[in-house]
Novice: 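This is the structure, below, for whatever I ask next.
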Number of protein chains: 2
Amino acid sequence: MAQSKSAADNGNRESERRRTILRAAIDVFARKGYHGCRIADVAKEAGVAYGLVYHYFKNKDELLETVFDTGWSGFVTRVRAVVEGEGPLSAKVHGVVDVAFEAYRVDPRAVKVLILEIARSPAGSRINRQTAFVDAIRLSSELFIRAKEAGELRADTDPLLSSALLFGAIEMGLTAFVTGLADSRDAQALERAKAQIADTFLHGVLADASPGAETAAWKPEKPSSEKSSTKSKAPKRT
Amino acid sequence: MAQSKSAADNGNRESERRRTILRAAIDVFARKGYHGCRIADVAKEAGVAYGLVYHYFKNKDELLETVFDTGWSGFVTRVRAVVEGEGPLSAKVHGVVDVAFEAYRVDPRAVKVLILEIARSPAGSRINRQTAFVDAIRLSSELFIRAKEAGELRADTDPLLSSALLFGAIEMGLTAFVTGLADSRDAQALERAKAQIADTFLHGVLADASPGAETAAWKPEKPSSEKSSTKSKAPKRT
DNA sequence: ACGCCGGCTGATTGAAGAATCAACCAGTCG
DNA sequence: CGACTGGTTGATTCTTCAATCAGCCGGCGT
């Protein structure tokens, strides 16, 4: 709003103020949860008046919805890119995990809100947030459907469930950091967790009875650990 | 105790009424969520007067806390039994998954409450529910610590994270049923999901490059599939 | 200069619902 | 049989917020 205010704002549904409020909402939601915070808290955090929140958002629910959609659509877009891209299954699985962890690295608070508020829908609320999660799971189940047809997967796996399990593992892995079970300041730990999630999902936890070949395929493969980070460093609007 | 009411009740902190209210609370929480329901709803469901809820529980929060602790402690007890029991790692992992799914079979509503209300805590509330989850994860991480020392696990696995991933997979697998992504009336589907969760966790999703031996070890191993169910059929106080 | 316009303010209101409490009643005991 | 106890009731009170709205600036056009 520094220069062209009214003009730009009219055409652009994203005024500086609005973004400030959205940012504040993410922080407060992350700290106290959706139900645990009052609009007053958000306004205070944003350094604006109570009523201004209602100038930009119809009500508290729309505010959460916006926070949610913004963050989630960015995530889903990037997951879709991975799923629809080229390469072997294992690379894609690593890719999906990367996307999730990169999102966390960029904006842990936002991820915390997405993860923590995801399940609970205040009954009346429009789009059930579970639906969003389900969509993401369905989306990446494509991956497993195709992989299964190609014979890359064991025969007795259900693609949808596989997809759910991957997201479950990612979610809980992230939760470990979100809740402080693991130290999220430790970049090393994040990298290791990322690798372990994908590897466990692909190969299991057990020490492989068949040594060499299979096992060797995924471990030394991480010299360019930054490669994937770069890919998912795409702009994240929050 | 069925006859002698007042006498027994004095000594027994579990009067019939109290249990009725608890049961009603579980059902209403499962249906509308903690925040989405009024104490009036719980009272109506239980067929008692509004005020009686406050006779047995200090406030709404204590009610949720009790619902939570009751269900959770039962689950943790059974998980502990599995973890501290005898047998190879793979059997125990299957055992933990069994416990979770059996709990769901016995009382899906209660599990729904535990899963859905687990993450977010109303700020002021005493024991953070996340703590409970973290405890369970820590508990079963023992499993992986010991297994790792015994060389059963790949060297680069963090036991705590492994434990988290297992629970993440279980949770999301269960969530698939809770949210209706998968049909929970289908007993077959439940059995298959159970098997797939444990198998994926132990061996990964990939078609095993090394056939026979390793793969054969876990699949035919489930002739006595009721064994574990029986074990976890222990009294569940709700 | 001046007043108009639109972003902005924050005290006020009204609803929702948690928690209270005084009265009620069904047994029990003396 | 009549005092007494303690579980039970639900209208009433009290608190908390979401949402409103009457007006306040400060820039901009005239």
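Labels below follow one simple rule: chain letters A, B, ... track the order of the sequence lines, proteins then strands, and each chain is numbered from 1.
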Novice: What is the distance, rounded to the nearest whole Å, between atom CD1 of B:Ile21 and atom C1' of D:dT9?
Specialist: 12 Å
Novice: Using a cut-off of strictly less than 4.0 Å, decide whether B:His55 has a side-chain nitrogen or oxygen near OP1 or OP2 of D:dG7.
Specialist: yes
Novice: Answer yes when A:Asp98 and A:Lys194 have at least one side-chain N-carboxylate O distance shorter than 4.0 Å, and no when they do not.
Specialist: yes
Novice: Identify the pairs formed between an N or O of the protein and an N or O of nucleotides 17-19 of chain D at a distance under 3.5 Å, and give each distance.
Specialist:
| unit_1 | atom_1 | unit_2 | atom_2 | d |
| --- | --- | --- | --- | --- |
| D:dC17 | OP1 | A:Arg38 | NE | 3.3 |
| D:dC17 | OP1 | A:Arg38 | NH1 | 3.1 |
| D:dC17 | OP1 | A:Arg38 | NH2 | 3.3 |
| D:dC17 | OP2 | A:Arg38 | NE | 3.3 |
| D:dC17 | O5' | A:Arg38 | NE | 3.0 |
| D:dC17 | O5' | A:Arg38 | NH1 | 3.4 |
| D:dA18 | OP1 | A:Lys60 | NZ | 3.0 |
| D:dA18 | OP2 | A:Ile39 | N | 3.0 |
| D:dA18 | N7 | A:Tyr50 | OH | 2.8 |
| D:dA19 | OP2 | A:Tyr54 | OH | 3.1 |
| D:dA19 | OP2 | A:Lys60 | N | 3.1 |

Novice: Return the value, rounded to whole Å, for the distance between atom CG of B:Leu64 and atom C1' of C:dA19.
Specialist: 17 Å
Novice: The criterion is salt bridge (Lys or Arg N to Asp or Glu O under 4.0 Å); which residues satisfy it with A:Asp183, sequence neighbours excluded?
Specialist: A:Arg185
Novice: Tell me the interatomic distance from A:Leu52, atom CG, to D:dC24, atom C1', rounded to whole angstroms.
Specialist: 14 Å
Novice: Could you tell me the separation between the CD atom of B:Glu62 and the P atom of C:dA18, rounded to a whole number of Å?
Specialist: 15 Å
Novice: My understanding is that only residues two or more places apart in sequence, or in another chain, count here; which of them pass salt bridge (Lys or Arg N to Asp or Glu O under 4.0 Å) with B:Arg17?
Specialist: none
Novice: Are B:Arg17 and D:dT8 close enough that a side-chain N or O sits under 4.0 Å from OP1 or OP2?
Specialist: yes
Novice: Could you tell me the separation between the OH atom of B:Tyr56 and the P atom of D:dG6, rounded to a whole number of Å?
Specialist: 13 Å
Novice: Check salt bridge (Lys or Arg N to Asp or Glu O under 4.0 Å) between B:Asp27 and all other residues, then give those that pass, not counting sequence neighbours.
Specialist: B:Arg23, B:Arg109
Novice: With sequence neighbours left out, what residues match A:Phe201 under ring pair (Phe, Tyr, Trp, His ring centres under 6.0 Å)?
Specialist: A:Phe144
Novice: Pairs of donor and acceptor atoms involving the side chains of residues 36-51 of chain A, under 3.5 Å and at least two apart or interchain, shall be tabulated with distances.
Specialist:
| unit_1 | atom_1 | unit_2 | atom_2 | d |
| --- | --- | --- | --- | --- |
| A:Arg38 | NH2 | A:Gly36 | O | 2.8 |
| A:Asp41 | OD2 | A:Arg38 | N | 2.9 |
| A:Glu45 | OE1 | A:Arg31 | NH2 | 3.0 |

